[in-house]
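Chain naming here is simple, since letters A, B, ... match the order of the sequence lines and numbering starts at 1 in each. Just so you know, these numbers come straight off a predicted model, no measurement behind them.
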Number of protein chains: 2
Amino acid sequence: MAKPTIVQVARLAGVSNSTVSRCLNQPENVDKKTLARVRKVIEDIGYRPNLLAQNFRRGQSDIVLVVVHNVGASIFSNILDGIRGVLGSRFSVILMESRAEAQGHARFIDLLVAKQVVGVILLCASPTFDPRLIGGFDHQPRLPVVIGLEPVSADLADLPSVHIDNHRAAFDATTYLLDMGHREIAFISGEKDSPITLDRERGFAEAMAQAGCAAPSARILHGDLSIQGGIAAAHRLLGRPERPTALFCANDDIALGAMSVAAQLGISVPEDLSVMGFDDTIYAATANPPLSTVAQPTREVGERTAKQLLHALDHPEDAEQLTEILPHRLIIRKSTAPLRQKGKA
Amino acid sequence: MAKPTIVQVARLAGVSNSTVSRCLNQPENVDKKTLARVRKVIEDIGYRPNLLAQNFRRGQSDIVLVVVHNVGASIFSNILDGIRGVLGSRFSVILMESRAEAQGHARFIDLLVAKQVVGVILLCASPTFDPRLIGGFDHQPRLPVVIGLEPVSADLADLPSVHIDNHRAAFDATTYLLDMGHREIAFISGEKDSPITLDRERGFAEAMAQAGCAAPSARILHGDLSIQGGIAAAHRLLGRPERPTALFCANDDIALGAMSVAAQLGISVPEDLSVMGFDDTIYAATANPPLSTVAQPTREVGERTAKQLLHALDHPEDAEQLTEILPHRLIIRKSTAPLRQKGKA
DNA sequence: CTGAAAGCGCTTACAG
DNA sequence: CTGAAAGCGCTTACAG
């Protein structure tokens, strides 16, 4: 008993294949009674269109590629949930890790071509995955691309994107630290020129400059957006006596790494050192001490990103490119405190 | 300029489509010289087989479905890396979250049927994803399934699986705690009857019983393998005066949640309470205090699981079912310490 | 609103 | 070792 195909349905319903196909794909163009009859047969024999045949015939798969820096980063969990929720069962999501791609761009393109992906969501806008290079190659049409989470640099401004105002968020967080009396603030950032942190660095520098701190950009350390990155930076920063009194970290993992170094060195957080993270991942609230941080609406980022992609897929003629700015929120917990007066030691 | 197809290659090489196809799929059956000529043409015009057509024609996709409880759990990061490394570019990995599947089994089957997945890796052997139900339904052939990370219950013993000896690992960890003088030890586990924790619970109970502790299974709390689960259990456990002196947690997230509750309640870890985790995720080492835990070779779990699947895919006739037991390792950091003598308070 | 026919790009017996 | 031919299950102009 083989899997039923469209021809069995057609035979049983007494119509042609074309009509069955229309019932599936453009029911509005089918007579009500015919439609009902065909649907009944479909139901009765449990017919399901062969996706492989559909994809082949239509010349495109049902695969959406989502590029993340690192699947393990807990921030992606909610975002991916949001994406899957919207894309639903109509599309399959496959993940690619930018950090794992030593071969970089070539393999990325390979994958796009080989898998005949229908759309791309970039949750990391590294140069390797320059969205301008998506499509237009190898006889492929240009693919819809949406950028999520990351700000979009000016030269990519024509691409739809969904993210918070990173500049403003970093400005707010830094201002909060400044308001607590801190002046010796260091910003532990990600890779130099990484798009996700550039805006944050500018926000930091701007707040610092407004508060009269000299050469704020000298207070920015570049590294890796990871626990290891936080550890490395903290070792450089906290080993010396004239260490900063507050650390603003480009993400929570960095902050967690930095706090562990502080603990090792016997520096108390927040008494001797305030630490502020970014993202409000699930590990922030239970850190010891609980981490103050900047929250992003991650699930919403995923949902909105996916909705924009869906729109682009369903309305290829509609070239409207939206930039959606979602709200951020300062979450103050226990890892930050007012600057202690000098005579502390 | 359309994407080149097999017929252009055939024409340019002066052979038939069949021969080009053979060059691609069974080069050993092609004359060396013909092969070389065809390959040259392929190279020259940049031909790449249309995967969509291949999949359709062969009646199967190149998709491997990996089921995890929760993508965000950091333990899966390395495992997925391992899987991807082995499955490489030949297959696409799509992820399904068991926790997200309220509809459960039905949707799972739907996905399998609809996407025509070629193989399944189960990183969570919940009843919803009972591997015996994979395949055999809806006119589909039985699919190769490999279980990773989780122990396999006796009734599924005919399925290949890759995991540590969870019973032994829990026994070892509990014994370590007992050797430190602890007797009032609680085990915070996952869902009741969750296969991943059953073996661990038995290992715990066995070690406790050997040490003469009465009713060890009464010391097992069931909840959720998450930070929230750890928080909930810790609230039940640590609120009362006759609280345990040591907590053994079924994973690191639980331990992190429990430690945060201890911190809130002013209970010092490890002075007043030893806490032991499981998995050695990236958040264990930088916790405050750094978390003692049981490490699993996660990347290897992924690689071995994927290799078994690959074997099953390439040798469907070979029914050999392997159970691979990988080594575990106790990692002792700062969250565990010898029991303090009574007169502490 | 419906049907007959062609065709998407490949693979696979089959015959030679 | 190679080629001619059929066919996988669907969709899509086209004609009526």
Would you tabulate the pairs of protein nitrogen or oxygen atoms and nucleotide nitrogen or oxygen atoms of nucleotides 9-11 of chain D closer than 3.5 angstrom?
{"residue": "D:dC10", "atom": "OP1", "partner": "A:Y47", "partner atom": "OH", "Å": "2.6"}
{"residue": "D:dC10", "atom": "OP1", "partner": "A:N50", "partner atom": "N", "Å": "2.8"}
{"residue": "D:dC10", "atom": "OP2", "partner": "A:I6", "partner atom": "N", "Å": "2.4"}
{"residue": "D:dT11", "atom": "OP1", "partner": "A:N25", "partner atom": "ND2", "Å": "3.1"}
{"residue": "D:dT11", "atom": "OP1", "partner": "A:Q54", "partner atom": "NE2", "Å": "2.9"}
{"residue": "D:dT11", "atom": "OP1", "partner": "A:R58", "partner atom": "NH2", "Å": "2.9"}
{"residue": "D:dT11", "atom": "OP2", "partner": "A:S21", "partner atom": "OG", "Å": "2.7"}
{"residue": "D:dT11", "atom": "OP2", "partner": "A:N25", "partner atom": "ND2", "Å": "3.3"}
{"residue": "D:dT11", "atom": "O2", "partner": "A:R57", "partner atom": "NH1", "Å": "2.4"}

Tell me, what's DNA chain C's dot-bracket, Watson-Crick or G-U with both distances under 3.5 Å, | for other-strand, [ ] crossing?
|||.||||||||.|||
Side-chain H-bond candidate by donor/acceptor type, B:R11 with B:N17, under 3.5 Å
no
Nearest whole angstrom, please: distance from the P of C:dG7 to the CG of A:N55.
22 Å
More than 12 heavy atoms of other residues, nucleotides or ligands under 6.0 Å from CD of A:Q8: is that the case?
yes
For the pair B:R37 and B:D31, find out whether any cationic side-chain nitrogen is under 4.0 Å from an anionic carboxylate oxygen.
no
Looking at A:R90 and A:D62, is there a salt bridge between them, counting it only when a charged N and a carboxylate O are closer than 4.0 Å?
no
Can you list, by residue number, the residues of residues 27-39 of chain A that have a non-hydrogen atom closer than 4.0 angstrom to DNA chain D?
none
Residues in salt bridge (charged side-chain N to carboxylate O under 4.0 Å, His left out) contact with B:R304, at least two apart in sequence or another chain:
B:E324
Do A:V9 and A:C23 touch side chain to side chain, with heavy atoms closer than 4.5 Å?
no
List for me each residue that meets side-chain contact (heavy atoms from CB on, under 4.5 Å) alongside A:R39, sequence neighbours excluded, and say none if there are none.
A:P27, A:L35
Taking only residues two or more places apart in sequence, or in another chain, which ones meet A:N50 in a side-chain contact (heavy atoms from CB on, under 4.5 Å)?
A:L52, A:A53, B:Q116
Kindly say if A:S16 contacts the phosphate of C:dA4, meaning a side-chain N or O under 4.0 Å from OP1 or OP2.
no
Could you please spell out the steps behind the side chain to side chain contact (heavy atoms under 4.5 Å, CB included) verdict for B:L326 and B:V301?
CA-CA 8 Å; B:L326 267 24; B:V301 168; 3.8 Å; yes
Quick check: closest heavy atoms across A:F91 and A:V118, and the distance to 0.1 Å?
CE2-CG2, 3.8 Å
